[in-house]
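All remarks here apply to the structure that follows.
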Amino acid sequence: MKEQVKKKVSEAVERLFSIKPPDFKVEKPRDEKHGDLATNVSFLLSKTLKKNPNEIAKELAEYLSRDPDLEEVEAVRGFVNLRFSRDFFLKEFSKLLEQGEEYYREDLGKGQKVQLEFVSANPTGPLHLGHGRGAVVGDTLARLLKFYGYDVTREYYINDAGRQVYLLGVSILFRYLELFGKENERPEIKELFQREGYRGEYVVELAKLLRESVGDLLLKGEVTSAKERILSHGYPFELSYTERFSGGEEPDVELCSLFGLDAMMDEIRRDLSDMGIEFDVWFSERNLYERGLVEKLIEELSRKGLVYKSEGALWLRTSEFGDDKDRVLKKSDGSYTYFASDIAYHWDKFRRGFEKVIDLWGADHHGYIPRVKASLKMLDIPEDWLEVYLIQMVKLFKGGKEVKMSKRAGNFVPLRELMNDVGSDAVRFVFLTKRSDTPLDFDVDRVKEKSSENPVFYVQYAHARISGVFREFRERFGRDPESEDFSEFLKELKEETELKLIRKSIMMKDELMDVATRRDPHLITYALIDLAGTFHNYYNHHRIIGSEEKLMLGRISLLKGVRSALRIGLKLIGVSAPEKM
RNA sequence: GUCCCCGUAGCUCAGGCGGAUAGAGCGCGAGAUUCCUAAUCUCGAGGUCGGAGGUUCGAGUCCUCCCGGGGACGCCA
């Protein structure tokens, strides 16, 4: 819609003033009284044309009012307010009826290769609420971009190398020993666990799961046979990490780490897939090292003279590229920092041919952005190639009180707990009710209500109501609104609210396209709530079945279009559109 | 100390790259309705957009400073 109007306005400007129009805006006015769309072009022209904005607006309005698609074009205090004609809306709405959800599609991306990396939680514990929020935002963005013509790859980066994973192994081993009452026999394990271990109950569960197959073999130091037992035990998940057991130093810790990785990754995948989230690529950090990419990266950066040695460590000159200080790539103990592998990872993304990369990070990583951007600059990667969006934390409220931690996970609330409590639809919807970079309070009691207080219910219920009307219509009249076309009766619709519903269903398209380009998926829920509200209001005041036949068929058509608008919105945020509630 | 985010109605929050008289829901007040397809409906009051400057034809929106709240700042991940 906006694009069409923009074209019309540009044309008008060129014809009337014979100049190229500046970069003006066409947007939905805040107040519906000001028309369907409005443009500010006359303000921007007033300087060059040396005329006051309202005069320009008047001339434009007069010119544009000849357009048959536009019913009313008004100059008000410099703005040009446009209102589409009823015929135009009916014409568009017929298209919507014919095409269904496909009406909303548009090829904005032209097949551009976009990678979306999100969640990427460490596999050292269950996903928590914040991860879940990132997962929902990322998945919704992926759905949107895909729908709008981008070639999207969803990727999860697994931090399966480094100290965290080692500590997971230590923690599991400690809990394992504890199961046998032998934790004091390995003081170094106990000490490390108590200092830096993972304290959540889930580690105990992992240890028990491990004991199922290995029995007491690890107590006896028979690590290799323990590994064989794990592999042949028939665990209901892949053991791709355990398979790669190398048996180097501290083989028992290693085995615990690998088994822990397998089990945790399985849990993480299940949590995500139960929320309807599937990844295309699970990218392993280990793999980065195995391919020698980190070394190669450091060579590359050294060649450019951007690396230096100091205090036994290797540093990168990020401060020369916008970061506030230089950063360590390789620690004095010889191991690499996560920063090093992160750059290597992004370098690899670039070399895999992604034209655009979107990362969703936890908000606590915000200080990370300048250094990663700096390093990309060093590698001659264009500045706008990487977009980073931050995901703020989620607080859970139950009975008016904050729920702070879980026994199982330690000091945070696992996503699984919330999902089991309220279901995936509610989780997804509510995670999209605020901009992702601001903190979110999740009121559990609210989403369990069957009332207008509960936005999830409110929107889904609008869809279910329409389905209900259709069911009844089929029963009473033996005609099927799905297959039959009643769009010729749209002209029977005379009510103000009916036109409003038509308008909102059509404008949903602009709304969704905006969301895709602005990467702001939370706006979808607002558009849905708005449309559902208008619908409920209409429904409460008008009868569909039972009104005079032509009018009824017109209203059935109206509902069908509204339903498509609700469906596409729900589909893009991954929330179900129930037929019945 | 440096950096980031936030501060909008009693509450929870919207407010698009600067645009019109700052919006919604809840709550509150008044009225209608218990016939209908399963959240009852309609109307109303309620605001110095944290504060002070500045840029601009125009600022909730951009800039500077201040106040208040949260968070990040490691050879941690």
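Using a 4.0 Å heavy-atom criterion, one finds that A:Asn40 contacts the bases of the nucleic acid, with or without backbone contacts as well. Note on A:Ile529: nothing from the nucleic acid sits closer than 4.0 angstrom, heavy atoms only. Within 4.0 Å (heavy atoms only), A:His536 reaches at least one base atom of the nucleic acid. Here A:Lys325 lies in heavy-atom contact (under 4.0 Å) with sugar-phosphate atoms only. Contacts of A:Asp437 with the nucleic acid, taken as non-hydrogen atoms under 4.0 Å apart, involve only primed sugar atoms and P, OP1 or OP2. Residue contacts shown for A:Ala464 are absent, as no nucleic acid heavy atom lies under 4.0 Å away. No contact: A:Gln392 has no heavy atom under 4.0 Å from any strand. Base contact: A:His365 has a heavy atom under 4.0 Å from a base atom. Among the heavy atoms of the strands, none lies under 4.0 Å from A:Gln460. Among the atoms of the strands shown, none is found under 4.0 Å from any heavy atom of A:Ser341. In this structure, A:Ala363 reaches neither bases nor backbone, as no heavy-atom distance under 4.0 Å exists between it and the strands shown.
Distance A:Leu329 CG to B:A77 P: 13 Å, rounded to the nearest Å. The CG-P distance, from A:Leu523 to B:C13, rounds to 16 Å in whole Å. The distance from atom NE2 of A:His542 to atom C1' of B:U42 is 14 Å, rounded to the nearest whole Å. Regarding A:Arg465, its CZ atom lies at a distance of 12 Å from the C1' atom of B:C36, rounded to whole Å. Rounded to a whole Å, the NZ atom of A:Lys395 is 12 Å from the P atom of B:U12. As a whole-Å value, the separation of A:Asp364 CG from B:C76 P is 17 Å. As rounded to whole Å, 20 Å separates atom P of B:C13 from atom CG of A:Asp530. Taking atom NZ on A:Lys373 and atom P on B:C4, their separation rounds to 15 Å, with Å as the unit.
For B:G19, the OP1/OP2 oxygens have no side-chain nitrogen or oxygen of A:Lys28 closer than 4.0 Å. Between A:Lys434 and B:C6 there is no side-chain N or O to OP1 or OP2 distance below 4.0 Å. Distances shorter than 4.0 Å separate none of the side-chain N or O atoms of A:His366 from OP1 or OP2 on B:G70. At least one side-chain nitrogen or oxygen of A:Asn537 sits closer than 4.0 Å to the OP1 or OP2 atom of B:U42. Phosphate proximity of B:C41 to A:Asn540: present, with a side-chain N or O under 4.0 Å from OP1 or OP2. Between A:Lys25 and B:G19 there is a side-chain polar atom (N or O) within less than 4.0 angstrom of OP1 or OP2. For the OP1/OP2 pair of B:C13 and a distance below 4.0 Å, the side-chain nitrogens and oxygens of A:Arg435 include no atom meeting the criterion.
Here A:His522 and A:Phe431 keep their ring centres 6.0 angstrom or further from each other. Aromatic pair A:Tyr289/A:Tyr336: ring centres closer than 6.0 Å. For A:Phe193 and A:Tyr198, the distance between ring centers is not under 6.0 angstrom. Between A:Phe283 and A:Tyr345, the distance separating the two ring centers is shorter than 6.0 angstrom. Proximity of the aromatic rings of A:Phe79 and A:Phe43 is defined here by a centroid distance below 6.0 angstrom, and this criterion is met.
Applying the side chain to side chain donor-acceptor pair (under 3.5 Å) test between A:Tyr166 and each of A:Glu196, A:Glu250, A:Glu254 identifies A:Glu250 as the sole match.
Shown here is A:Glu383, whose CD atom has no more than 12 heavy atoms of other residues, nucleotides or ligands within 6.0 Å.
Relative ring orientation between A:Trp315 and A:Tyr308 is described as parallel, the plane-to-plane angle staying below 30° on a 0-90° scale split at 30° and 60°.
The separation of B:U61 from B:C17, taken at their C1' atoms, amounts to 11 Å, rounded to a whole angstrom. One C1' atom belongs to B:C4, the other to B:A45, and the distance between them is 39 Å to the nearest Å. B:A30 sits 43 Å from B:G71 when the P atoms are compared, rounded to a whole Å. When the P atom is used for both B:G19 and B:G27, the distance is 32 Å, rounded to whole Å. Comparing B:C28 with B:G15, their P atoms sit 27 Å apart, to the nearest whole Å. Between B:C3 and B:C66, the distance separating the two P atoms is 11 Å to the nearest Å. Across the P atoms, B:A52 and B:G16 are found 23 Å apart, a figure rounded to whole Å. Across the P atoms, B:G10 and B:G51 are found 13 Å apart, a figure rounded to whole Å.
In this structure, A:Arg563 pairs ionically with A:Glu482, as a charged nitrogen and a carboxylate oxygen lie closer than 4.0 Å.
If you find the closest nucleotide of RNA chain B to A:Tyr338 and to A:His541, the one lying nearer the 5' end belongs to A:His541. Each of A:Arg518 and A:Tyr368 was assigned the nucleotide of RNA chain B with the nearest heavy atom; the assignment lying further toward the 5' end belongs to A:Arg518.
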Checklist entry - Dot-bracket for RNA chain B, 5' to 3', counting Watson-Crick or G-U wobble pairs under 3.5 Å, with [ ] for crossing pairs and | for inter-strand pairs? => result (((((((..((((.....[...)))).(((((.......))))).....(((((..]....))))))))))))....
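Stacking between A:Phe79 and B:G19 is absent: the ring centroid is not both under 5.5 Å from the six-membered base ring centre and under 30° in plane angle.
Applying the ring-ring contact (aromatic ring centres under 6.0 Å, His included) test to A:Phe397 and every residue at least two apart in sequence or in another chain returns nothing.
Side-chain atoms of A:Ala38 lie closest to B:A20 of the nucleotides B:C75, B:A20, B:G19. You'll find that the side chain of A:Tyr458 is closest to B:A39, out of B:A39, B:G19, B:C13. Side-chain proximity of A:Gln164 to B:C76, B:A39, B:C75: nearest is B:C76.
Within 3.5 Å, a donor on the side chain of A:Ser332 pairs with an acceptor on the base of B:C75, or the reverse. Under 3.5 Å, the side chain of A:Tyr166 and the base of B:A77 form no donor-acceptor pair of N or O atoms. No N or O donor and acceptor, one from the side chain of A:Asn454 and one from the base of B:A39, sit under 3.5 Å apart.
In this structure, A:Lys6 forms a cation-pi arrangement with A:Phe24, its terminal cationic atom sitting closer than 6.0 Å to the ring centre and no more than 45° off the ring axis.
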